[in-house]
Amino acid sequence: AEMATYNARGVTTGFDGHNMSPAHVAAYRDLRAAGRMTMRMLCAVEGEGFAYPPWQPLTLAQYQANLALGGSLVDLDDDLLRVSGVTWGQAGPCWPGGIRMHDPYRGPFGQPTRGMTFLSDEKLEAFVAFCLGERVQANFVTSGYRDHDDILGELACIGGPGAVRQIARDTNWLVQH
């Protein structure tokens, strides 16, 4: 029913690349199999979701298993439903107190903060290595300058100063927010 509402407003395509679990992909695939997809969807599975409680940090091994599962769901052959890769999001939510900045700012209750970080540098390194090794799309969800600096810094570590430009040329990776 919601897709029909979007269609009535002229929306024909959507991107669902944040907080997507394998169950969400399965729901879209069920809609597709039932002939109920009325818009094109592109999805990416979250490497480690923390938006839905209860959340407990994954071990590195569990995180890598999630990346492998997300990578196994990649399918770019369908005209209406595609899963392009996996998502990295280390911070959030996107409101005062959650956005990762270098300089302190006032959080929602007036206290100084630099934002919240949920995922480790070790997991960022594993994410980038997985996406490069498996040639799947990396979808980076960012909300502040620290996120951008961490991502670009990790990419630069891979192959020196020209690595970011080379990776941008060779992959279909994206940064959102």
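Residues take their numbers from the sequence shown, with the count starting at 1.
No donor-acceptor pair under 3.5 Å is formed between the side chain of Thr142 and the backbone N or O of Gly144. Using modelled atom types, no side-chain atom of Glu48 and backbone atom of Leu119 make a donor-acceptor pair closer than 3.5 Å. Checked by atom type and distance alone, the side chain of Arg114 pairs as donor or acceptor with a backbone atom of His102 at under 3.5 Å. Side-chain atoms of Thr87 come within 3.5 Å of backbone atoms of Gly17 as a donor-acceptor pair (strictly under, hydrogens ignored).
Of the inter-residue distances, the one linking Phe15 atom CZ with Arg82 atom CZ reads 13.5 Å to the nearest 0.5 angstrom. Between Gln137 atom CD and Asn172 atom CG the span is 4.5 Å, to the nearest 0.5 Å. The line from OH of Tyr28 to CG of Leu81 is 8.5 Å long, rounded to the nearest 0.5 Å. Between the NZ atom in Lys123 and the OH atom in Tyr63 there is a gap of 7.5 Å [rounded to 0.5 Å].
Here side chain to side chain donor-acceptor pair (under 3.5 Å) pairs that include residues 35-46, with residues two or more places apart or in two chains, are Asn7-Thr38, Thr13-Arg40, His18-Glu46. Residue pairs meeting the side chain to side chain donor-acceptor pair (under 3.5 Å) criterion with at least one member in residues 64-81, sequence neighbours excluded, are Arg32-Asp78.
For the pair Asp150 and Arg100, the minimum side-chain heavy-atom distance is below 4.5 Å.
Residue Glu125 qualifies as open at atom CD: its count of foreign heavy atoms under 6.0 Å is 12 or below. Counting non-hydrogen atoms of other residues, nucleotides and ligands closer than 6.0 Å to OH of Tyr145 gives a total of 12 or fewer. For Gln111, the CD atom is densely surrounded, since the number of other residues' heavy atoms within 6.0 Å is greater than 12.
Among all heavy-atom pairs drawn from Gly47 and Leu67, the shortest one is CA-CD2, 3.9 Å. Ile99 and Ser143 get closest at one heavy-atom pair: CG2-O, 2.6 Å.
Phe130 and Val74 fall within the same hydrophobic cluster, where Ile, Leu, Val, Met, Phe, Trp and Tyr residues are linked whenever their side-chain heavy atoms come under 4.5 Å apart, directly or through other members.
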